[in-house]
Colleague: 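First the structure, which I've put down as structure tokens, then a few questions once you've had a look.
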Amino acid sequence: MIEVNELSKRYGSTLAVDSLTFTVTPGVVTGFLGPNGSGKSTTMRMLVGLDAPTAGTVKVGGRLPHEHEVPLCQVGALLEAGAAHPGRSAFDHLHALAVTNGIGRRRVNEVLALSGLAEVAHRRSGGFSLGMGQRLGIAAALLGDPATVVLDEPVNGLDPEGILWIRDLLDRLAAEGRTVFVSSHLMREMAQIAQHVIVIGKGRLMADLPVAEFTGALSGRRVTVRSPQAAALRELLLGPDVTITTVSRTELDVEGLTSEHIGDVAAARGIPVHQLTTSQASLEEAFMKLTREAVEYRAPEFARGEA
Amino acid sequence: MTLTVPPSTGPPAGPAADPAAGRGVTLPRVIHSEWIKLRSVRSTTLALALTVVVLIGVGLISSATMGETFAKGADVDDAPFTPTSPVGATLGGVFFAQLLTGALGVLVMSVEYSTGMIRATLSAVPTRLPVLWAKTLVFGGTLFVLTLAATLIAFFSGAALLESHQVGPTLSDPGALRAVLTTPVYLAGIGVLGIAFATLLRSTALGVSVISFMVFLLDSLAGLLPSAIASDVVKVLPASAGNAFMSAQHDPDLLGPWAGLAVFCGYLALALAAATVVLKRRDA
């Protein structure tokens with residue numbers, strides 16, 4: 001159980017986290033979504049006591065970060081990929097962390113096996129790929145067999161097999177009754193991994209709901225129309241609450257109208273239609289819609305999601 | 001949820017018992033952790049070995065070359081690298097070894113920041129200060145033991161070389177035993193200063209620069225002060241304070257040996273106190 005209450009963090013003049021309040025419950029995988037720079041990592045650092053809140057509190061298992069008697073057993077965290085000395089072996093890295101909490105070699109070997117690193121356990125971690133570095137970080141997070149697992153961007157750098165592995169692992173951890181809190185800015189992976197989602201933008205809470213509801217509630221239906229007279233059709237469809245994106249000379253993306261309406265309008269004016277497709281907005285699009293105004297540095301072509 | 005709720009179906013491939021039983025952060029455990037860190041990186045081990053080699057090697061070279069000068073009773077040069085006594089000749093490696101121990105001390109802490117390891121370290125030990133104490137004790141202790149052995153070897157083998165000119169010192173010579181026993185204190189102390197500086201600065205480059213500046217250049221810089229106060233200021237600088245207790249013969253330009261040791265320990269206490277406050281308060 002993670003309880004975040006009126007949490008704020010200020011760095012100089014920047015308010016990185018702004019009065020966040022949410023609860024992460026055990027038993028399901030909870031995603032933590034937000035664009036880069038939205039305050040996800042800062043929030044997670046405060047969860048394990050690396051950064052001190054400017055205001056508010058964050059409790060894991062009912063306790064403040066420095067109150068845990070056996071910190072690694074209460075909350076296991078991956079906060080930065082490859083946060084290991086490159087000259088030290090995976091085993092020594094994990095062993096050094098484990099012994100601080102009184103955890104022995106046996107558990108070190110267990111998490112090495114669990115994360116698929118048993119064969120490279122005694123190699124220097126400097127030679128590890130990005131994916132292996134992630135696995136090492138996840139192994140470290142699991143050392144204390146913790147009741148709460150916090151992973152910051154764990155999918156980064158993993159190959160498809162690795163993503164599958166982490167999805168299974170997180171499912172299993174949640175099924176065992178643990179609290180699993182996973183951040184990402186990659187919506188597609190998150191949609192596959194999490195059952196519940198907490199969305200932030202510019203340090204503020206934007207949504208806290210099941211993933212299915214998140215996509216359902218926030219996604220407008222979008223209709224893709226292909227027509228040789230796309231420009232003319234566009235003029236006919238324009239209206240209040242209707243957004244039309246001209247994809248190409250012959251293709252439009254229409255939001256705010258049903259495919260039936262569009263087809264009827266085209267037929268009434270004799271405009272040929274070559275394609276009329278309805279697409280459910282992906283989590284990615286729903287997310288972008290939600291955070292559009294919250295993105296600090298937006299690329300010009302940012303708002304084009306995939307169909 | 002209460003503190004020790006075990007996961008309902010047991011941990012993945014782990015023990016089914018309460019994972020927190022018998023566990024917890026203690027200073028001896030953090031010391032064990034820092035010992036694992038120290039011995040598990042080859043470059044650290046090599047640098048420690050190099051410190052020993054330098055301490056013995058330079059002592060042997062200066063003992064071999066200075067024997068004749070001391071035997072003639074000629075006035076020795078006042079140049080900074082030149083030992084002024086037979087005991088000083090055998091311990092001539094200190095001048096160079098201090099740079100190694102200082103830089104290594106910086107690295108022991110700064111590498112935690114440069115690799116990001118500090119986040120994992122402090123997540124495991126959220127009270128933080130045991131990490132600083134453990135690093136200080138493990139690294140300082142290791143340095144003391146290694147440099148004590150090296151100093152003894154340098155002293156006795158250097159003395160044997162000097163004896164060929166009938167100027168070989170013995171431990172019963174005035175100040176000789178003190179010099180031999182406090183040299184490792186100084187070298188370990190410089191290493192601990194490195195840890196403290198790195199905690200404050202979080203940068204290898206900055207930390208090494210500051211510690212080299214302190215041991216090699218600060219005294220010369222203070223010498224540029226108006227002559228009325230220059231000698232008083234130089235006396236209480238860390239390197240001069242170290243010379244005061246590591247020299248077998250008392251130099252009137254320096255503090256007395258025990259005053260020097262007290263001043264040196266004062267710097268250590270000050271640096272560690274500052275590191276403590278900063279480590280505790282700063283976001284990691």
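Just so you know, these numbers use all the heavy atoms, side chains as well, and skip hydrogens, waters and symmetry mates. Protein chains get the first letters and strands the later ones, always in sequence-line order, with residue 1 at the start of each.
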Colleague: Could you point out which residue of V25(B), L122(B), T127(B) forms a side-chain contact (heavy atoms from CB on, under 4.5 Å) with P71(A)?
Modeller: V25(B)
Colleague: For atom CZ of R39(B), decide whether the heavy atoms of other residues, nucleotides or ligands shown that lie under 6.0 angstrom number more than 12.
Modeller: yes
Colleague: Under 3.5 Å, is there a donor-acceptor pair linking the side chains of R29(B) and T100(A)?
Modeller: no
Colleague: Is chain A contacted by the side chain of V111(B), its backbone, both, or neither, given a heavy-atom distance below 4.5 Å?
Modeller: side chain
Colleague: Are side-chain heavy atoms of M117(B) and H93(A) found at a separation under 4.5 Å?
Modeller: yes
Colleague: Is the closest side-chain heavy-atom distance between K9(A) and D283(B) below 4.5 Å?
Modeller: yes
Colleague: Just checking R167(A): does its CZ atom have more than 12 heavy atoms from other residues, nucleotides or ligands closer to it than 6.0 angstrom?
Modeller: yes
Colleague: Can you tell me how far NE2 of H85(A) sits from OG of S114(B), rounded to the nearest 0.5 angstrom?
Modeller: 7.0 Å
Colleague: Between T115(B) and P86(A), is any pair of side-chain heavy atoms under 4.5 Å apart?
Modeller: yes
Colleague: As an exercise: rank P126(B), A134(B), P130(B) by heavy-atom pairs under 4.5 Å with chain A and give me the winner.
Modeller: P126(B)
Colleague: Looking at every heavy atom in both A96(A) and S33(B), which two are closest together, and how far apart are they?
Modeller: O-OG, 2.6 Å
Colleague: Which pair of non-hydrogen atoms, one from L50(A) and one from S123(B), has the smallest distance, and what is that distance?
Modeller: CD1-OG, 3.9 Å
Colleague: Need one label for A140(A): side chain, backbone, both or neither, based on atoms under 4.5 Å from any heavy atom in chain B.
Modeller: neither
Colleague: With only heavy atoms counted, which part of T44(B) is less than 4.5 Å from chain A, the side chain, the backbone, both or neither?
Modeller: neither
Colleague: I want to check something: taking the side chain as every heavy atom from C-beta on, are R45(A) and R119(B) in contact at a cut-off of under 4.5 Å?
Modeller: yes
Colleague: Can you tell which part of K59(A) gets under 4.5 Å to a heavy atom of chain B, answering side chain, backbone, both or neither?
Modeller: neither
Colleague: Any sub-3.5 Å donor-acceptor pair from D92(A)'s side-chain atoms to K37(B)'s backbone N or O?
Modeller: no
Colleague: Can you tell me which portion of R281(B) sits under 4.5 Å from chain A's heavy atoms? Options are side chain, backbone, both or neither.
Modeller: neither
